[in-house]
Amino acid sequence: MQTQLADFIRDTPEGREADEILRKCVHCGFCTATCPTYQLLGDELDGPRGRIYLIKAMLEGAEVTARTRQHLDRCLTCRSCESTCPSGVHYSRLLDIGRRIVEERVPRQGADAAVRWALREFVPRAGLFGVAMGAGRRVRGVLPKALRDKVPLARPAGTWPMPRHARRMIALAGCAQPAMAPSINAAAARVLDAVGISLVEMAGAGCCGAVRHHLNDHEGGRIDARRNIDAWWLAIERGEIEAIVMTASGCGTQVKDYAHLLAQDFAYAQKARRVSDLTRDVSEIVAAEVEPLAAALGVFKGEPEAVAFQSPCTLQHGLRIRGVVEKLLRAAGYAPTAVRDGHLCCGSAGTYSILQPELSQRLRANKLEALAEGGARLIASANIGCITHLEAGTETPVRHWIELIDARLQQVAR
Ligand code: SF4
Ligand code: SF4
């Protein structure tokens, strides 16, 4: 694609990056067919190619309107288009640049601005979020459905094993997950303990920065990234840990991107590269330990339990990890069912379910229908946002897949 970027952006790092991305796009439109919002709305401007045209026009100096912002707002940042694109167009980076500019040119007003401000200020603060979640659970029965959907019932976390192994890894606690499902990191700690790895959470680390970054507060996202790097750095520098483990694929995608996000930050660029290199999704860690895992699980004698695995966009399109969780589930005596349109988003997408409820709920209904087709009475996922979002639309239990592996280990231990 030929470009003629306007003076305001041409010679900036953002302008150079946008130009490089735009030039790779050959207008083929393959991406449009796999875009969830295009499938729902049928408008070229609600698909990746149309959004790319809108951003290109904006960067070349065209007028920006509230309609432009609406088409960009409706994007889930699911990155399905990136998986489909044969030219390697890094759409999500271009979208970040486009959204930042559109936000400046067409500032938000009223309730839209207020809700986004509240989400940016509230969700990333784990302490505050935990207090609100506790209060919400106490009055859950009388909450309106929209709010009740965001307050999942508590599952006991169980015991976190004492660090006893020479091999150690850091787990990111994150912001929403400790309050919404503390059982996930505890289950990961037990599974890794069983394969000879001690998992520890470091004081001072918190939100990965994705919440603020995707709400266009890029500097807020970088502040979160620097705080996490500071919390982890001593252990990294001393060589005490092998990896930084992510149990939420959304956080994993963000932390993997720290090297890019802090590339212009003289004090943090090198540390950020190191942190990105050390970051692994928990599925990658467990998959590298299949033999000790098989030994810990023993021979599974029962009938494999059917489970429908919803692969989060951040896992399959962001981290590009595909088929790994299904193999691990099989190894633990589950039978993952075939899921139609597995590449499509469930509609959770960070704060999208709050900001675009109608589209989000339609996507969830489609996803739950596809997950139910194989007859499984259990759904697994790999990201807290997807788990909570799906749970709110079904009576079928939804768990993180690591909790299912942990459950098998608990059965063996009994
Ligand atoms: S990120 Fe997802 S919703 Fe956005 S344009 Fe790409 S495929 Fe469509
Ligand atoms: S598939 Fe890639 S090259 Fe083709 S229109 Fe989409 S972004 Fe451009």
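All of these numbers come straight from a predicted model, not from anything done at the bench. For ligands, and for the atoms within them, numbers begin at 1 and follow the listed sequence. Note: hydrogens, waters and symmetry copies are ignored here, and every other heavy atom, side chains too, is used.
- Taking 2.8 Å as the criterion, Cys25 does not count as a coordinating residue of atom 2 (Fe) of ligand 2, since none of its N, O or S atoms falls below it.
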Might you work through the side-chain hydrogen bond (donor to acceptor under 3.5 Å, both in side chains) test for Ser353 and Ser360, ending with a clear yes or no? CA-CA 5 Å; Ser353 61; Ser360 167; 4.7 Å; no

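- Of all the atoms in ligand 1, the ones that sit under 4.0 Å from a non-hydrogen atom of Leu76 are 3 (S), 4 (Fe).
- Within ligand 1, counting atoms from 1 as listed, the ones closer than 4.0 Å to a heavy atom of Arg51 are 3 (S), 4 (Fe), 5 (S), 8 (Fe).
- With a 4.0 Å heavy-atom cut-off, ligand 1 is reached by the side chain of Tyr91 but not by its N, CA, C or O.
- Counting only heavy atoms of the protein, atom 2 (Fe) of ligand 2 lies nearest to Cys85 SG, 2.3 Å.
- Judged by distance alone, the side chains of Ser83 and His317 do bring a donor and an acceptor atom under 3.5 Å apart.
- Closest to atom 4 (Fe) of ligand 1 among all protein heavy atoms lies Cys75 SG, 2.3 Å.
- You'll find the side chain of Arg99 stays beyond 4.5 Å of the side chain of Leu94, heavy atoms only.
- Close approach to Val26 involves these atoms of ligand 2, each under 4.0 Å from a residue heavy atom: 3 (S), 8 (Fe).
- Scanning the protein for heavy atoms near atom 8 (Fe) of ligand 1, the closest one is Cys35 SG, 2.3 Å.
- Within the 4.0 Å heavy-atom shell around ligand 2 one finds Gly29.
- Within the 4.0 Å heavy-atom shell around ligand 2 one does not find Thr84.
- For atom 6 (Fe) of ligand 2, the nearest non-hydrogen atom of the protein is Cys31 SG, 2.3 Å.
- Ligand-side atoms of ligand 2 in range of Ile52: 7 (S), range being under 4.0 angstrom from any heavy atom.
- Distance check: Ser92 OG to Glu82 CD gives 3.5 Å after rounding to the nearest 0.5 Å.
- A cation-pi arrangement is not found for Arg399 relative to Tyr334, the charged atom failing to lie both closer than 6.0 Å to the ring centre and inside a 45° cone about the ring normal.
- Aromatic ring orientation, Tyr258 versus Trp232: parallel (interplanar angle below 30°, classes split at 30° and 60°).
- Here Leu22 contributes atom CG and Lys56 contributes atom NZ; the two are 7.0 Å apart, rounded to the nearest 0.5 Å.
- Other residues, nucleotides and ligands contribute more than 12 heavy atoms inside 6.0 Å of the CD atom of Glu60.
- Among the backbone and side-chain atoms of His27, no N/O/S atom is found under 2.8 Å from atom 4 (Fe) of ligand 2.
- Counting heavy atoms closer than 4.0 Å to ligand 1, residue Thr77 contributes backbone atoms (N, CA, C, O) but none from C-beta onward.
- Within the 4.0 Å heavy-atom shell around ligand 2 one finds Pro86.
- Counting heavy atoms from C-beta outward, His214 and Thr351 have side chains that stay 4.5 Å or more apart.
- A distance of 12.0 Å separates CZ of Arg116 from CG of Asp217, quoted to the nearest 0.5 Å.
- Residue contact check: Arg79 has heavy atoms under 4.0 Å from atoms 1 (S), 2 (Fe) of ligand 1.
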